[in-house]
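Counting begins at 1 with the first residue of the sequence. Numbering of ligands and ligand atoms starts at 1, following listing order. Side chains are part of it too, since the values below use all heavy atoms of this structure and drop only hydrogens, waters and symmetry mates.
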Amino acid sequence: MACCDCLRKILNFCFKYSLVFGVIAIAIIFAPSANYLLDIEPRPLTVLLPNSLRQFESKKVEWKSFENAASIVGPDSIAYDPKANRLVTGSDDGYLYSIDVDDDGNFKKLFQLVNDELMARFQYKRRPRPSGLRFDSKGRLFVCEPMFGVFKVENVFTDKPKIELVFDIEKTSKLGPTSVRQEKPSGGHIIYVSDVSSKFSFQYVTAAILSSDSNGRVLRYDTETGKLDILMSNLFFPNGLEMLPDNRGFLLTETGNRTVWKYTFDDREARVLMTALPAEPDNIRLSLDGKTFWMALLRPRTRNDPLLIDHLMSFPMLRKLLVRLFDMIGTLFELLHRLTTISKLQCLSRQFGTMEILNKGKDEFATGGMLIEFDSNGQIIRTVYQTEGIENNLAWATEVREMQSKNLNERLLYIGSFRPGYPIRKITLDKK
Ligand SMILES: *[C@@H]1O[C@H](CO)[C@@H](O)[C@H](O)[C@H]1NC(C)=O
């Protein structure tokens, strides 16, 4: 019968090709790494999601007001200079922007930190993307450029800013298991840097996460002596750093692992402060009272309602296949580009290689987001969050900067985001 025949043909076809696909997949997974196959060995993520959000729910507060402030593209980190009464942030376009606190819907484009000479050093393949920003007590701004290093900027709000690369990214690759010493002219700062991965560069964050790369480190650099030390290693995407109020150590988020660490200098110990968080933590910043901290996290969820990424994290083989496959397709497009010089191919090559193409699909973190206020013992004080639904007020929050509110009964929080498409957001909370 025709119908039966047709069905059989379809089944046959599927079987024939599933076998081909299967064989290719197995080959990609188990083949030894070569220059066309990435050397990665993903592990299952052992830090589980919490069973419930109960401990966060009991501390949850609702905001009194929510507003979008300056619509800068990807205002990841936000620093405040009280003398100028201005905020400064770094955008996805590579520029710094300033915002007048009294008129926070408006903004002014400042400048790029990375000059042409530095761009040329990396054949224009690296992209400026200012991310971690903060001022020292003298109003000098420190900015982390993930693909270039750490910059110091004096007179940031004037026409003649003085820009200096105080920590060059090249130093991290020269690091061995022990610290190295390098001569450097005076400067007088100790810089702590989270080095996401010694294998993948910053463009390949998705690949670094999916391959559960735990080569991340925390480095300490003395700009005066040039001494560079590794304080922590074997981290799975170390990210936000903040000093303890007494300067006796720092807090660190290990984003890939949903964990917060507390490192103390006197005993050189790192302790787990919080783990099995319901979402990936990003930056941590001291709150206005100088005692507690605010931390921004992605969309919170529990073991009962995981996202696709959580499922993927328990199937390392599947992740290995994905990362290697995308990398291979990227290399293939690069090859075709060299043969044909069609520029579209190079673009595709980059999108596959970095796995950016995945972002074009469903964005699981587009709804929901979380802010947690906690103290240096890991005690949760307040939470603000949305879990799902149509609300995306807190989506892709990456940093919280608390500011003095004009209303003394209120707390004012500015929320930054790494992700293009979200402006600087502003919420107020009851002080209580
Ligand atoms: C992940 O977090 C736990 C703490 O819960 C820690 O012991 C472990 O070393 C972390 N890092 C990695 C790479 O798994």
Contact table, ligand 1 N/O with protein N/O, distance under 3.5 Å:
{"from": "ligand 1", "atom 1": "2 (O)", "to": "Asn257", "atom 2": "OD1", "distance (Å)": "3.0"}
{"from": "ligand 1", "atom 1": "2 (O)", "to": "Asn257", "atom 2": "ND2", "distance (Å)": "2.7"}
{"from": "ligand 1", "atom 1": "2 (O)", "to": "Thr259", "atom 2": "OG1", "distance (Å)": "3.4"}
{"from": "ligand 1", "atom 1": "5 (O)", "to": "Thr275", "atom 2": "OG1", "distance (Å)": "2.8"}
{"from": "ligand 1", "atom 1": "11 (N)", "to": "Glu254", "atom 2": "OE2", "distance (Å)": "3.0"}
{"from": "ligand 1", "atom 1": "11 (N)", "to": "Asn257", "atom 2": "ND2", "distance (Å)": "2.6"}
{"from": "ligand 1", "atom 1": "14 (O)", "to": "Asn257", "atom 2": "ND2", "distance (Å)": "3.2"}

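- Residues satisfying the side-chain hydrogen bond (donor to acceptor under 3.5 Å, both in side chains) criterion with Asp93, sequence neighbours excluded, are Ser91, Tyr97.
- Phe148 has its ring centre less than 6.0 Å from the ring centre of Phe122.
- Residue Val400 comes nearest to Arg285 through the heavy atom pair O-CB, 3.4 Å, listed as atom of the first residue, atom of the second, then distance.
- Using the six-membered ring where Trp is involved, Tyr192 and Phe250 have ring planes that are tilted, between 30° and 60° apart.
- Ionic pairing of Glu145 and Arg127 is not present here: no N-O contact between side-chain nitrogen and carboxylate oxygen is shorter than 4.0 angstrom.
- Aromatic ring centres of Phe352 and Phe333: separated by under 6.0 Å.
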